[in-house]
Amino acid sequence: ELTEQHLVTVSPVKHAGMYPTLLPGDQVLIDKLGIQEGGPKRGDVVAVSSDKPDAPIHILRVVGLGGDIIRVEGDMLYLDDEPLDRIPYQPLDDVLEKPGMLAMVEHNEDVRYLIAMANHGITNLSIAPMKLGKQRMFLLSDNRSQIPLGDERAKIRDSRNFGSLSLDKLRGTPRYILWSQDPATGEIRWERIGIRIR
């Protein structure tokens, strides 16, 4: 119990909010001491939660930090009024239960990471430019097509819904996929076990 409270914990992935990085049915090892000195960097995958007791841990990607000006228009992210570059990756239909996802490599200054979005039904949610305070971070799911919070079908919460978060909401760094089992078929996804989360 001491280990789980202070060193590491395992968090189940229950939705496709971090697809393609994480899939429903993945079990993720979270290093609670893994927050680097100086805090997170753009592109880092982090575990966060609210101050409520027994609040669930959310795994999201840091896309903006203190001093950055962030704006969102639909699935597009702007940093200091410049849209982040994206390069098409490849169709993800071979992995996803539901076809129709597009994969892109997003460039956030000197960091690159994979994101996904539906090729139809992109959310039209927009966020006016906001300058992040010194100890704040802006977090997005890798699956940018997630339905915004407030819709009864909502499955993910990120900064498009709750705004920027204080750095004291960090709960650790997701490190590895310890186990992966398809929730629909029960099939063990051996190829995912041991993958380092980036």
How is the hydrophobic cluster of Y78 composed, in terms of its other members, when Ile, Leu, Val, Met, Phe, Trp and Tyr link through side-chain heavy atoms under 4.5 Å apart, directly or indirectly?
M76

Rounded distance (nearest 0.5 Å) linking atom CG of L140 with atom OH of Y113:
7.5 Å

Interatomic distance, CG@D158 vs CD1@I59, rounded to 0.5 Å, equals 14.0 Å

For a 4.5 angstrom cut-off between non-hydrogen side-chain atoms, does V48 reach L165?
yes

Has D80 got a side-chain atom pairing as donor or acceptor with I69's backbone, closer than 3.5 angstrom?
yes

Look at E73 together with R71 and state whether they make a salt bridge at an N to O cut-off of under 4.0 Å.
yes

Closest heavy-atom pair and its distance - R160, S141
NH2-OG, 3.3 Å

Quick one: pull up CD1 in I57 and NZ in K32 and give me the separation to the nearest 0.5 Å.
5.5 Å

List the atom of P24, the atom of P183, and the distance in Å for their closest heavy-atom pair.
O-CD, 3.3 Å

For R136, what residues pass the side-chain contact (heavy atoms from CB on, under 4.5 Å) criterion, not counting sequence neighbours?
L132, S164, S166

In this structure, CD of Q135 is separated from CG of L167 (nearest 0.5 Å) by 5.0 Å

Honestly curious: do V13 and I188 fall in one hydrophobic cluster under the side-chain, below-4.5 Å linking rule?
no

Under 3.5 Å, is there a donor-acceptor pair linking the side chains of D31 and T173?
no

Is there a path of hydrophobic side-chain contacts, each under 4.5 Å between heavy atoms of I, L, V, M, F, W or Y residues, that connects I193 with V28?
no

Contact list for residues 125-145, test ring pair (Phe, Tyr, Trp, His ring centres under 6.0 Å), sequence neighbours left out
none

With T21 via side-chain hydrogen bond (donor to acceptor under 3.5 Å, both in side chains) - residues at least two apart
R61, D142

Might you point out which heavy atoms bring P174 and A47 nearest each other, and give the distance in Å?
CD-N, 3.8 Å

Any side-chain heavy atom of I195 sitting closer than 4.5 Å to one from Y176?
no

Indicate yes or no for a side-chain donor-acceptor contact from D68 to the backbone of I70 under 3.5 Å, with no hydrogens or angles considered.
no

Exam field: side chain D44 to backbone V46, donor-acceptor pair closer than 3.5 Å
no

Heavy-atom check, side chain of R189 versus side chain of D26, under 4.5 Å:
yes

Tell me whether Q181 contacts the main-chain N or O of G186 through its side chain, where contact means a donor paired with an acceptor under 3.5 Å.
yes

State which residues pass side-chain contact (heavy atoms from CB on, under 4.5 Å) with Q27; sequence neighbours excluded, sorted by chain then number.
V10, P12, W179

According to side-chain contact (heavy atoms from CB on, under 4.5 Å), who are the partners of D85, at least two apart in sequence or on a separate chain?
H107

Contact list for residues 102-112, test salt bridge (Lys or Arg N to Asp or Glu O under 4.0 Å), sequence neighbours left out
R42-E109, R86-E106, E106-R144

Does a side-chain heavy-atom distance below 4.5 Å link P40 with L65?
yes

Between atom CG of L60 and atom CE of M18, what is the distance when rounded to the nearest 0.5 Å?
6.5 Å

Nearest 0.5 Å, what's the CZ-OG distance between R192 and S180?
5.0 Å

